Amino acid sequence: MFKKFNSPKEYCILPLVGVILFLIFLNSCNKGKNIQSNVQLSKNSKTIIDQTPIDKESHQKMVAALAAIKDSTNDKNKYLGDRRARQVRKIIKNAGLKSPKKERWFHHRILGWAELNLGNEEEGIKHLKLAYDLLPEVQGEVEPKRIFENIFMLGVAWMRRGETENCCSRFTPESCIIPIIPSAIHVKKEGSLNAIKYFNELLDEAPEKSVWHYRSKWLLNIAWMTLGQYPDKLPKDHLIPESSFKSDQFYPVFKNISSDLGLDTFNLSGGVVIDDFNHDSLLDIFTTSWASDATPKLFLGKKDGSFNDVSLSSGFEGIYGGLNVEPADFNNDGNLDFYILRGAWLEAAGDMPNSLMRNNGDGTFTDVTFSQGLAEMNYPTQTAGWADFDNDGDLDLFVGNETTPGAVAPCQLFRNDGEAGFIDIAISAGVTNSRFTKGVSWGDYNNDNYPDLYVSNFRGKNRLYKNNGDSTFTDIAEEIGVSNPFSSFPAWFWDFDNDGHLDLFVASYSGNIEHLAAHRLNEPTEFETICLYKNNGQGGFVEVSQEVGLKDPVLPMGSNFGDINNDGYLDFYLGTGDPGFGSLMPNLMYLNKEGKKFDDITMASRLGHLQKGHAVAFADLDNDGDLDLFEQLGGAYPGDGYRDALFENPGFGNGSISLRVIGQKSNRSAIGVRIKTNFIEDGNVRSVYRHVSSGGSFGANPLRQCIGIGKAQLVDLIEIYWPATGKTQKFDNIRVGSSIEINEGSQQIKYLFR
């Protein structure tokens, strides 16, 4: 179980990482352009890196580059900056009441929305109301949809005011989770009451079945919930059925305990990695926010279940921003590093350097992006993936960039050349893509020992780059029918049906609140569904989303997968929303039913958070054998911040084992390694398959695998297959609840705890 956060003093004390007993020898193992010295401890323990001048210079260079970006944010960043607000304020001030009413209406509407995005809610509401008051005088001069938009925006502005005054300022762990329970009902009611007024007006004036009709209906229902008066106050023709917010089946409830542990960081959208950064076998949490002045946070796990915030002492000062993070031990020194991604959605203004943060093994991190050759060309991105695509024993890096009409941004494939650093071979490898990349996943779908690459492109055909085994790739997505959905976002390889072949999940980013309202009213609406491609074992895929029940409109950003009930089948969670303040929709939890069907258990499990769901990670943070769920929450605009959530798994009565595999000839992180677990449950022999990865394309699970084994009492056999060497290790009779570590080539099992 977790220990509650007690005091600011306890929260900030840096824990003892360990005492170095013996210095064995000095070894050159840094994989930068210059060989660096380090102090090697014992085999498979951490390596402490001595920073050379070129590393320090690289770090300082990144800090300077990010400081310049921070200084230019107000003018260049269309989400975080105030340029538009400043421009329109000046126009309104200079024009006064002399300008035509249509122009005044237009400028007040634009300024109102800009102020709201900046978090200036009173100013935002004031100017949207000034525009609203001009509507009777500009009718006939502006399109009806702009009039409806004005009314809707004013309702949304008041809705956000209610969230700020209640869910943010009077936060409880149950805030903004639907169905909303009494402890989360808004105490300050003005925001929701005013929102209801404008949504009702829009429902009276907007055409039946229009976008504005459905949007207002959805938010009207949510607003009454926040006041504790749903469904009683809603007329029948405005009601979203109560069945939409209930479940017919019982599931244990996940409780948000982030505040108890001091993990409820208030921020904008960003990334998360959960793994062991300091070699104490306890899981730690690293988070980022894409705000240009937000320093990353590192929380180290403690044996009593609590966490220490060591951010200030870890070398992150000046390392601002980051919408996503991808972990890997890039230099095989035994310390887990990570890659921070920047510039997404900003088009030409997104030419920011990403950050490769090297773990020095002493509790600090150094930005080695420049010294490793990873910052020669910078493009807007939020997605990347690590894999040893050439099976040479170290990890290479694919970065999925965003090509838009205003910015050509080819994707990059950085081959890891050890001491020579990284070199971009995307052109010769044939993987430049040059589309609007939003998701990246590596997986050996055809079991030929070479990892293949799936690239999800928003509003463009997706790619499946088949690895040819000679450092080149061939796009076969359209040939084998896996290029959809058109508006795709997160994607990942996984074996959802436990048949030993990697399947492919690709989520569509097309189902907003208007589609959600219509769908839950059983009325026709057009949207793209999730695509779930089942591997046929013969080099192809069959799309089975309808067959397994994935029919709902979704709008996922952060997302990931993990076996929450330890039945051996992988479930998934979608963090939903878009930058618009009106996109208040529940994040979604889907339970895998024996690889044949997925059930939406969002409401029953109380995982339906309404705030913008960004990075997602499943991890057994309290070492009790089941996966808890961490979600980095927050929107794109300064006015849309929120607190991160940690949902504790209540337990489902099934067993598991925790398995960490460590490469020797293969990459140290063991990314791409395949694991097969055999056990007997209810008299039947079962197999569970995993491939080592950090999970989905937006949030990083631990590389150690938590493998559910249902009601089995013993794991009869574990097989670990190493694609780089083609060798298999076998271990038998592993007791339930074990946490073990296995090295490539060794027949010894190291038991950690539990």
Side-chain angles (χ1 to χ4, degrees), residues 20 23 25-41 46-70 277-278 286 288 295-296 298 311-322 325-343 351-379 381 384 386 392-399 412-426 667-669:
I20 300 175
L23 295 177
F25 61 89
L26 292 177
N27 179 34
S28 175
C29 75
N30 178 62
K31 308 185 88 175
K33 289 184 175 178
N34 291 270
I35 300 175
Q36 299 176 349
S37 64
N38 59 69
V39 181
Q40 180 75 38
L41 303 179
K46 69 181 178 180
T47 297
I48 297 177
I49 304 293
D50 293 334
Q51 295 189 49
T52 62
I54 195 168
D55 292 328
K56 294 179 181 178
E57 180 184 350
S58 176
H59 189 94
Q60 292 165 359
K61 195 172 181 179
M62 180 60 73
V63 169
L66 296 178
I69 291 169
K70 177 183 175 182
F277 288 106
N278 61 348
F286 176 80
T288 64
T295 303
L298 177 59
S311 310
L312 296 179
S313 60
S314 297
F316 300 134
E317 185 177 358
I319 306 299
Y320 299 129
V325 192
E326 289 293 333
D329 181 359
F330 81 91
N331 54 0
N332 287 334
D333 66 355
N335 301 315
L336 189 66
D337 318 294
F338 47 80
Y339 189 68
I340 302 175
L341 297 137
R342 301 186 178 95
D351 57 344
M352 305 175 181
N354 302 317
S355 283
L356 177 60
M357 301 299 297
R358 189 191 62 204
N359 186 338
N360 299 320
D362 61 356
T364 67
F365 293 78
T366 300
D367 193 311
V368 295
T369 313
F370 287 95
S371 62
Q372 289 290 318
L374 290 168
E376 294 178 5
M377 295 296 295
N378 303 311
Y379 304 106
T381 180
W386 295 93
D392 66 350
D394 52 26
L395 288 168
D396 313 294
L397 176 66
F398 181 86
V399 182
Q412 297 159 295
L413 176 59
F414 292 104
R415 186 182 65 212
N416 189 338
D417 284 348
E419 293 172 0
F422 290 84
I423 181 171
D424 184 4
I425 63 165
N667 72 85
R668 189 71 175 258
S669 300

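The figures that follow rest on heavy atoms only: side chains count, while hydrogens, waters and symmetry mates do not. These figures come from a predicted structure and were not determined experimentally. Sequential numbering from 1 along the given sequence is applied to the chain's residues.
Less than 6.0 angstrom separates the ring centroid of Phe286 from the ring centroid of Phe316.
Under a 3.5 Å cut-off, the side chain of Asn360 and the backbone N or O of Ile49 do not form any donor-acceptor pair. With Thr369 contributing its side chain and Leu374 its backbone, the two residues share no donor-acceptor pair below 3.5 Å. Of the possible polar contacts, one joining the Thr288 side chain to the Gly322 backbone as a donor-acceptor pair under 3.5 Å is found. The backbone N or O of Ser314 lies less than 3.5 Å from no partner atom in the side chain of Thr364, so there is not a single donor-acceptor pair. Between the side chain of Asp329 and the backbone N or O of Ser669, no donor-acceptor pair lies under 3.5 Å. In this structure, the side chain of Asp351 does not engage the main chain of Asn378 through any donor-acceptor pair within 3.5 Å.
Contact between Gly315 and His59 at its shortest, heavy atoms only, is O-CE1, 3.3 Å. Of all non-hydrogen atoms in Gly373 and Phe414, the two that sit nearest each other are O-CE2, 4.2 Å. For Ala375 against Pro353, the heavy-atom pair with the smallest separation is CB-CB, 4.4 Å. Nearest heavy atom pair, residue Asp337 against residue Asn359, reads OD1-N, 2.7 Å. Nearest approach of Met377 to Gln412, heavy atoms of both residues: O-NE2, 3.1 Å. Of all heavy-atom pairs spanning Asn332 and Arg668, the tightest one is OD1-N, 2.9 Å.
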| query | Between Val63 and Asp367, does a side-chain contact (heavy atoms from CB on, under 4.5 Å) hold up when you go through it step by step? | reply | CA-CA 9 Å; Val63 169; Asp367 193 311; over 6 Å; no
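For the atom pair CZ (Phe370) and NZ (Lys61), the distance works out to 5.0 Å, reported to the nearest 0.5 Å. Taking CG of Asn667 as the reference point, atom CG of Asp392 lies at 9.5 Å (rounded to 0.5 Å). Note that the OG1 atom of Thr295 and the CD1 atom of Ile319 stand 9.0 Å from one another [nearest 0.5 Å]. Put simply, CD1 on Ile54 and CD on Gln372 are 9.0 Å apart, with the number rounded to the nearest 0.5 Å. Between the CG atom of Asn354 and the CZ atom of Arg342 there is a distance of 6.5 Å, given to the nearest 0.5 Å. Here the CG atom belonging to Asp394 is positioned 4.0 Å from the CG atom belonging to Asn416, to the nearest 0.5 angstrom.
By the 30° and 60° cut-offs, the orientation of the rings of Phe422 relative to Phe330 is tilted. Using cut-offs of 30° and 60° for the angle between ring planes, the Phe365 and Phe277 rings count as perpendicular.
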